[in-house]
Amino acid sequence: MDRQIQKKVLKPDYIRIYNDLIDRKYPEKKIEFKSILEKKTLSTLDVIKLNQRIFGGTEYFILNQKHRSYDKKAILEILDYQKKNNLNNKQLALKFNMSRNTIGKWKKLFI
């Protein structure tokens, strides 16, 4: 019998994490985030938006920049955002708090 071994990718339950975070630290913002947190799953861009809206420019957000990772879907969504809004690499990098070199690399890989 051949068994196909399926590789499971474990992802954090961002909906639960952000619900708990908002309930404990920012209960007054619960209504503001209701539409995002009612989704079945959160995309990488949804997580970025939540982080920016919750933490803004705090030190936590700035220190956490180094640990971001993007899946192919998120990268294509970001590059599509650039096209729709007619942004250059620098403007897009500022919008998403990342390096211009990263955007250039993504464009070479995916476009």
Side-chain angles (χ1 to χ4, degrees):
M1 286 186 191
D2 286 2
R3 290 187 190 176
Q4 289 183 348
I5 300 174
Q6 294 181 355
K7 188 176 181 181
K8 270 193 169 181
V9 178
L10 297 176
K11 289 184 175 181
D13 186 359
Y14 288 114
I15 295 172
R16 187 172 168 194
I17 291 168
Y18 282 105
N19 270 321
D20 289 348
L21 177 71
I22 291 168
D23 285 343
R24 290 181 186 166
K25 292 195 173 192
Y26 308 101
E28 68 279 0
K29 294 184 177 186
K30 184 95 173 154
I31 296 169
E32 181 182 342
F33 301 113
K34 185 178 179 182
S35 62
I36 295 174
L37 295 174
E38 285 180 343
K39 293 181 179 182
K40 265 189 171 178
T41 58
L42 295 178
S43 70
T44 305
L45 290 181
D46 289 332
V47 173
I48 292 169
K49 286 177 194 173
L50 279 170
N51 267 335
Q52 287 176 339
R53 288 171 63 187
I54 292 172
F55 300 112
T58 62
E59 287 181 27
Y60 168 80
F61 186 71
I62 293 166
L63 288 173
N64 207 18
Q65 289 291 110
K66 295 178 184 176
H67 305 293
R68 284 190 181 178
S69 64
Y70 300 92
D71 57 1
K72 185 176 181 179
K73 181 181 173 188
I75 292 169
L76 293 174
E77 224 174 300
I78 291 170
L79 294 175
D80 189 46
Y81 179 88
Q82 181 182 26
K83 279 183 188 175
K84 284 180 184 175
N85 293 291
N86 207 18
L87 301 174
N88 62 32
N89 288 359
K90 183 178 180 180
Q91 292 167 326
L92 187 67
L94 288 171
K95 169 74 178 162
F96 290 99
N97 296 319
M98 60 177 59
S99 163
R100 290 178 296 135
N101 292 333
T102 300
I103 307 237
K105 182 179 173 185
W106 287 351
K107 283 179 144 182
K108 287 179 185 175
L109 289 173
F110 296 108
I111 294 181

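When reading the values below, keep in mind they use all heavy atoms of this one structure, side chains included, and skip hydrogens, waters and symmetry mates.
- Atom CD1 of I54 sits about 5.0 Å away from atom CG of L21, to the nearest 0.5 Å.
- From D13, atom CG reaches atom OG1 of T41 across 10.5 Å, with rounding to the nearest 0.5 Å.
- Under a cut-off of 6.0 angstrom, the local environment of CZ in R53 is crowded, with over 12 non-hydrogen atoms contributed by other residues, nucleotides or ligands.
- Linking Ile, Leu, Val, Met, Phe, Trp and Tyr residues whenever their side-chain heavy atoms come within less than 4.5 Å places M98 and Y81 in a single cluster.
- For K30, the NZ atom counts as densely surrounded, since its 6.0 Å shell holds more than 12 non-hydrogen atoms of other residues, nucleotides or ligands.
- Looking at D23, its side chain never comes within 3.5 Å of a backbone N or O of D20 through a donor-acceptor pair.
- Separating the CG atom in L79 from the CG atom in L92 is a distance of 7.0 Å, to the nearest 0.5 Å.
- When the side chains of ILVMFWY residues are joined at heavy-atom separations under 4.5 Å, either directly or via intervening members, L37 and I31 end up in two distinct hydrophobic clusters.
- Shortest non-hydrogen contact noted between A93 and S99 is CB-C, 4.0 Å.
- Cluster annotation: L87 and L76 are assigned to the same hydrophobic cluster (Ile/Leu/Val/Met/Phe/Trp/Tyr, side-chain heavy-atom contacts under 4.5 Å, transitive).
- Taking OH from Y14 and CG from L50, the interatomic distance works out to 11.0 Å, rounded to the nearest 0.5 Å.
- Rounding to the nearest 0.5 angstrom, the gap separating the CD atom in E77 from the CD1 atom in I48 is 9.0 Å.
- A donor-acceptor distance shorter than 3.5 angstrom exists from the side chain of Q91 to the backbone of N88, with no hydrogens or angles considered.
- Counting heavy-atom neighbours within 6.0 Å of D80 CG, excluding the residue itself, gives a total above 12.
- Side-chain atoms of N19 come within 3.5 Å of backbone N or O of I15 as a donor-acceptor pair.
- With ring centers used as reference points, F33 lies 6.0 Å or more from Y26.
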What do the steps show when you test W106 against Q82 for side chain to side chain contact (heavy atoms under 4.5 Å, CB included), and what is the final call? CA-CA 12 Å; W106 287 351; Q82 181 182 26; over 6 Å; no

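- Note that CZ of F96 is 13.0 Å distant from OG1 of T102, once rounded to the nearest 0.5 Å.
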Criterion side chain to side chain contact (heavy atoms under 4.5 Å, CB included) on I78 and T44, from CA distance to verdict: CA-CA 10 Å; I78 291 170; T44 305; over 6 Å; no

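- Side-chain contact between N85 and K95: absent, with no pair of heavy atoms (C-beta onward) separated by less than 4.5 Å.
- Atom NZ of K73 sits in a sparse spot, with 12 or fewer heavy atoms from other residues, nucleotides or ligands closer than 6.0 Å.
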